[in-house]
Amino acid sequence: MSNPVVGTSVPDVRGKERVTGTAQYTIDLSRPNMLVGSVVRSTYPNARILSIDTSKAESLPGVKAVVTGKEVPPIPFPPFLSYDLRVLAGATDSYVRFVGDEVAAIAAETEEIADAAAKLVDVQYQPLPFTLDAETTTQPGAPDVESSLGFPGNVQSPYTPLVMARGDVDAGFAEADLVFEGEYQVPPQAAASLRPFSCLAEWDGPNLTVYNDSQVIFVRQGELADLLGIPTANVRVVSQYMGGGFGEDNLYRFIPLAAILAQKASRPVKMVMPQDYAFEGSPNKRHAASFTVRLGAQSDGTITAMDLQATYDKGAYLAGGASVPYVGARAVFNGYRVPNMRYTTYAVFTDNPPAGAFRGYGGVQSNFAVQSAIDDLAEKLGMDPTDVHYMNCIRPDDVLEIEGEPVDFTKVGGSAFMEAIEKGKDATDWKSRWGASGAASGSGHVRTGLGMALLTYGFGHKPDTANVSIYVRPSGQVDVMAGTADLGGGQPTTISMIVAEELGARLDDVSVSLGDTNLPPAPFLGTFGSRTTFIAGNAAKLAAADAKQKLLLVAAGMLGTTPDQLRTSGSQVLVNGSGRSTSFSEVVQGLPGGASIEGSGEYVHTAQTSKSGFQFGACFAEVEVNQWTGKIRVKRLVMAQDYGRVINPRAAEGQMQGAAIQGLGYGILEDYVVDVTTAQSITRDWLYYRVPTIMDVPEMVSIAIENPDPRGPFGAKGGGESMIICTHSAIRNAVAKAIGVRFTSLPITPQMVLEALKAGGGQ
Amino acid sequence: MRVSRRGLFKIIIGGVATTAAGVTALLLGTRQGRTTLESLVPAALPAASKDITMSLNGIEVHIQVKANRTLLKVIREDLSLTGTKPGCSNGECGSCTVLIDGVPVYSCQKLAVEMDGHQVTTIEGVGSGGTLSALQQAFIDEGAFQCGYCTPGFILSAIALLQSNPDPSADDVREGLSGNICRCGSYPHITNAVLSAAQGVGSE
């Protein structure tokens, strides 16, 4: 096709709004007569609510509505996101379960009044013993978290306990020359987006409109309808620009609360949560998890058995992220061709703030365990770790049993592990730097190390559907209706490019309307799990093909030829073998009554294992460790990732870099600390919870691998999460090489480095 | 599980090591909730007001402001210029950066009453008449944002940097922008955009 769009770097189609400050995020919205909300949160990790006296708050001038658990629907959020969470604690029982558990909400004329009123709500608690330790929370006599909501024993169900297996693990260990066992732990991670959580709810008679920075507008629409007991058709959710996201936008109480308060006060209510809510509210953090990994290997490096046990800390509610342990298991089975594998896991309830969805959902935790263990195994075997990975990773033409189903990797675009390893080694000069002296170098107190880790992840784990409509207007303008959310990953640009390419339109003529439940759902479940390019992109491509077919039919009549003699390019219809052409605009103007040409596309995504999406890649890290200060500096990251086909190279590079930088934060900076005596989060702002700044960013080399997935639009795969899956593991393995200390938990802080060196350094 | 002594040990150490946070907690009473400058003044106290005159994006603005009101709130809520984004509201993230007399400042950390007689520039004052500045264009061309929430703050910090150092190195750019956080991690592209804008301006 002439003038290809796909594969060229295209600036963000909504870039101008972003650089001029005219992009309206939810927090920028206001309405005349609007009230402002505030939420009262528990100060105890486990307590019985004895009484809530709201009379002082209600009598404060300017307070217009107050609700407690007794006045909200006594039903849980719908099961897609939760199973147990109510709009407020105390809705069906009288317990709070973590510091930050919401117990009351207020709407008032100003934020200052709402906050003052929140302080006047008198909640009497009977404090109860609490449990913060995932190891002991399932032991007899441990404080109970969820029995009164129907989840006894502090073990999460559904989804866990879970055993995923293939082959015979015991037989695999019997074949091994060496059995390695290691224990690994990962901490929580907060998404810590900068924009305060906010929403605006307004009623117009029986109809509710909610504005919210949301990745999941259609799910939220259904959720609000269910919770409020009104028809879905009466709820509209709008999410135009999202400030951050990363999955934390999964499930919030403040949104139905705003709707309830707005109904009660008969005025629009804007809810802006305080900044510490990101660290100690219901927004999701990554699950902390601990692992025992056993690997059986032959002396040549062939792994004969892989056996993992994993415990995830779900925190206080089953609020989002219920399938994290399952996805964690899948992320291991998606990686290795080891014939005998077993992943035994469960998630437990504690009185920690809820864990849930965060970019790299489920994949990040188990990656650390497996990638650390294989690196540790390689050292025991005296082998180069890239050789151990190379021998055991899934190969492009493997057919492997995953979840009892044969998966033919040639049908999902092949596995790109070997290519990623080779490209990473070339870009780091690995061969000449590894070898007898090892990849560690440097003299004196600053040591340099080189390490790597593989990543694999699924995308589009859940069945889903996307619908896209396209209108080619008499002006030649191509309007695309796709109810996805602009999460910042370039979603509207990607969809515009796919439509322009398929339709043969000029990119400048294409505009996408999104972020509104009045539009067709694309995809229905939302913008998460690296699914938009794949699922919504497929629907957009089908819609463009449909519009093109109709366009050519009309044009053929006008030009006195047949559609098969026509092609499109640059918003023109051209007659093959002649110089004749006409513009899209002229074709559509030929329709009676000012009509537009309409195209529609529906893509149905099944979650069957053999039809899942698979992501592959590798990260190579070079670090410098200062043995006097304990400080780790990541000097260089080489990232190789299979995108199937890159739609927009610069946007893809931005996703790779951004995900890796978040992974770097998880590896060495982001320490989410809960004070064990009070269960309060100590790291509740950006000063103490240290996300990477520009000073932490290393030299970054992005290598896009393109093994087309035959099912993706133009061969594209999802890839917005990939690099966060393994960057922390690569850094850990590089540190091991630099100073000989094989850390088993994160983040690797200067304090940990100094303590380890003081205790005798490497093994 | 195996949370482990090491895990517990680390948590306890963490608690000790961050006593500074604990001190803040004591100062603020319960630390839950908003910790903005305004919130430190009890709502019951009537805050004194003052008439001020400031130049906002080149336009002289006369406004009566409450003594406890931050510049951030006055810009966004009283003057309806929402391009300046509230982030942490605690002087940590840089998303509310504006220029005061050409110097980048966190507007959440300035009281509006202090602005009497000063020149304030927000993102709405960058570029002219619908035309993007070279720096704004470079941010678009280089893909120097993802969600874009931190972008106005970064652009204002970068303007100040380029005014004091029109030909910066990559390290100069990083140092100049180290007071702004981008959680999407667009930092490499941001550095590229500022360097490219500097080259463009230099060659004009």
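Keep in mind the model is a prediction, meaning the values are calculated, not measured. Heavy-atom basis, side chains included; hydrogens, waters and symmetry copies ignored. Letters A, B, ... mirror the listed sequences (proteins, then strands); counts begin at 1.
Only the backbone of A:L487 comes within contact range of chain B, with heavy atoms under 4.5 Å apart. Contacts of A:M700 with chain B are made by side-chain atoms alone, with heavy-atom separations under 4.5 Å and no backbone atom involved. When heavy atoms are compared at a cutoff of 4.5 Å, A:V99 approaches chain B by way of both its backbone and its side chain. With a 4.5 Å cut-off on non-hydrogen atoms, A:T22 does not touch chain B at all. Both the backbone and the side chain of B:R174 come within contact range of chain A, judged by heavy atoms closer than 4.5 Å. With a threshold of 4.5 angstrom between heavy atoms, B:L132 approaches chain A through side-chain atoms but not through N, CA, C or O. In this structure, chain B has no heavy atom under 4.5 Å from any part of A:V40. In this structure, no portion of B:S186 lies under 4.5 Å from any heavy atom of chain A. Of the atoms belonging to B:I155, it is side-chain heavy atoms, and not backbone ones, that fall under 4.5 Å from chain A. For chain B, the nearby part of A:I661 is the side chain; its heavy atoms alone come within less than 4.5 Å.
When each of B:I190, B:I181, B:T151 is checked for heavy-atom pairs under 4.5 Å with chain A, B:I181 comes out on top. Put simply, of A:G490, A:A191, A:S193, the one with the most heavy-atom pairs under 4.5 Å next to chain B is A:A191. When each of B:E124, B:Q137, B:E142, B:E77 is scored by its heavy-atom pairs under 4.5 Å with chain A, the top score falls to B:E142. Counting heavy-atom pairs under 4.5 Å between each of B:P188, B:C150, B:C93 and chain A puts B:P188 at the top.
Taking a cutoff of 4.0 Å between a charged side-chain nitrogen and a carboxylate oxygen, B:K50 and B:E114 do not qualify as a salt bridge. We find that A:R650 and B:D141 are not joined by a salt bridge, their nearest charged nitrogen and carboxylate oxygen being 4.0 Å or further apart. Salt-bridge check for A:R18 with A:D486: passed, with a basic side-chain N closer than 4.0 Å to an acidic carboxylate O. The residues A:R41 and A:D101 are annotated as not salt-bridged, no charged nitrogen and carboxylate oxygen being separated by less than 4.0 angstrom.
At a cut-off of 3.5 Å, with distance as the only test, no side-chain donor of A:T20 or B:Q136 sits close to an acceptor on the other residue. Looking only at atom types and distance, the side chain of A:E670 has a donor-acceptor partner in the side chain of A:Y689 under 3.5 Å away.
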